[in-house]
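First comes the structure, then the notes that go with it.
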2 protein chains.
Amino acid sequence: MQTSTRDRIVVATARLLQRQGYVGTGIKQIATESQATLGSIYHFFPGGKEAVAVAAIRHGEQEFAALLKEALDSEPDPAEAVMSCTRDLAAGLKESGWVDGCPVTAAALETLGADSELQKACADALNGWERLVLDKLLGCGFPADDARELATTVISAIEGAEVTAQVNRSEEPLLAAGRQLARLVRSYGIDPPRR
Amino acid sequence: MQTSTRDRIVVATARLLQRQGYVGTGIKQIATESQATLGSIYHFFPGGKEAVAVAAIRHGEQEFAALLKEALDSEPDPAEAVMSCTRDLAAGLKESGWVDGCPVTAAALETLGADSELQKACADALNGWERLVLDKLLGCGFPADDARELATTVISAIEGAEVTAQVNRSEEPLLAAGRQLARLVRSYGIDPPRR
DNA sequence: AATTGGGTAGAGCGTTCGTTCTAGAGCTGT
DNA sequence: ACAGCTCTAGAACGAACGCTCTACCCAATT
């Protein structure tokens, strides 16, 4: 067997959470989609549905972090880097038929009231991504305070633009957000590091 | 009876959708929360759960539009207006214990695949709000192209910042987004209309 | 006084949910 | 050969789901 059963469960769950949220995703659907059985799922995740979801969210976080990191590293200028990021996201979103959005937003919104492990995993994901942007900005010479506020804004705006793009089935909201965020970043008048 | 049964159903459903999404909200919970019975619900909404949800989303759209309009009208300068908006949202979010977020996002994300009436209602809501911002910018003398792109970015960023604020249980993401959006709006160098 | 019809009330339908449970397959070390 | 282990397999449970259905209340109309 190529991939382990456990990995198949996590990956399939991550995709399902992304598309239909936490409550909308059933354990039995996960079993079918991952070609595993209920027995296997409860063997690897004695914590049940929530434990599977937490693992899937963490997987989604890393996957998205990799995409983000690659886009940020591809351009020395942070403004260009942000646009590269929204371009990649827009392309991926369109390719999936507008269903593969942010891997954590849907799950996060459904589990806000109960401060569960799942909710914590979602918060960790958002903060992790924010840190990637923050580091990029700091590396470009932005003052710490400006960089922090910009980083949270960039992640929030991308997050929101992705939802808007999905709902309208259009790349435009993401691309527009990318351009405006680039303008915002440039407005600080900090020269990109030459290499 | 003060409020009609139908109205109680719609209002209660709107709040439930906001907090736990579409799939997470049961018809029987709606009945309990709105002090109605199943019979009443299916009497007023023969279309079942989805019909109730559509009515609730439209109600949420109008409610949020009113808040948005008030905030936008309170300041002549569009940059200040956007910040006033995020301040109001942050205050409301904190007051609700971080659970009463955007009335449509949660429901929208769960119903992306099936192009249902519900999905359309969510798209209408987002576009309606965007138009309010657009009109404000146009009224301040922004060129049409810039205004359009700014308007979608503002709504997307507010949307995303609200989610981030909820997940982190903090006003800061919304306030930061407000400040950065104000900076972005000002970067176009258009004088606010004097009155 | 009788009738009509909008609205209320909730028992019960079939289905699906998350979870538990027992049984067995496939492998390793002795 | 046998015990011991991880992992697979799916039947079965109680609870909850969306929805249908019949029965009833009560104010307005005839």
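Looking at B/E159 and B/T105, their side chains do bring a donor and an acceptor atom within 3.5 Å of each other.
Atom CD1 in B/I30 sits about 10 Å away from atom P in D/dC19, given to the nearest Å. As rounded to whole Å, 13 Å separates atom C1' of C/dG26 from atom NE2 of A/H43. One interatomic measurement links the two molecules: CD1 of A/I41 to C1' of D/dC7, which rounds to 13 Å at whole-angstrom precision. Between the C1' atom of D/dC7 and the CD1 atom of A/I9 lies a distance of 11 Å, rounded to the nearest Å. What separates CZ of B/R8 from P of C/dG7 is a distance of 13 Å, to the nearest Å.
B/L67 and B/V99 fall into different hydrophobic clusters, where Ile, Leu, Val, Met, Phe, Trp and Tyr are joined by side-chain heavy atoms under 4.5 Å apart, directly or via other members.
Under the 4.0 Å criterion applied to side-chain N and carboxylate O atoms, A/D135 and A/R131 are assigned as salt-bridge partners. Electrostatic pairing of B/R186 and B/E80 counts as a salt bridge here, judged by a charged N lying under 4.0 Å from a carboxylate O. Under a 4.0 Å N-O distance rule, the pair A/E149/B/R183 does not qualify as a salt bridge.
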Open item on the list: Within the 4.0 Å limit for protein heavy atoms, which parts of nucleotides 11-21 of chain C are touched? Write it as a string from 5' to 3', B for base, S for sugar-phosphate only, - for none.
Closed with: BB----BBBB-
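The side chain of A/S40 contributes an N or O atom lying less than 4.0 Å from OP1 or OP2 of D/dT8. For B/T5, a side-chain nitrogen or oxygen approaches OP1 or OP2 of C/dT8 to under 4.0 Å.
Of the residues listed (A/R15, A/Q166, A/R19), the one engaging A/D100 in a side chain to side chain donor-acceptor pair (under 3.5 Å) is A/R19, and it is the only one.
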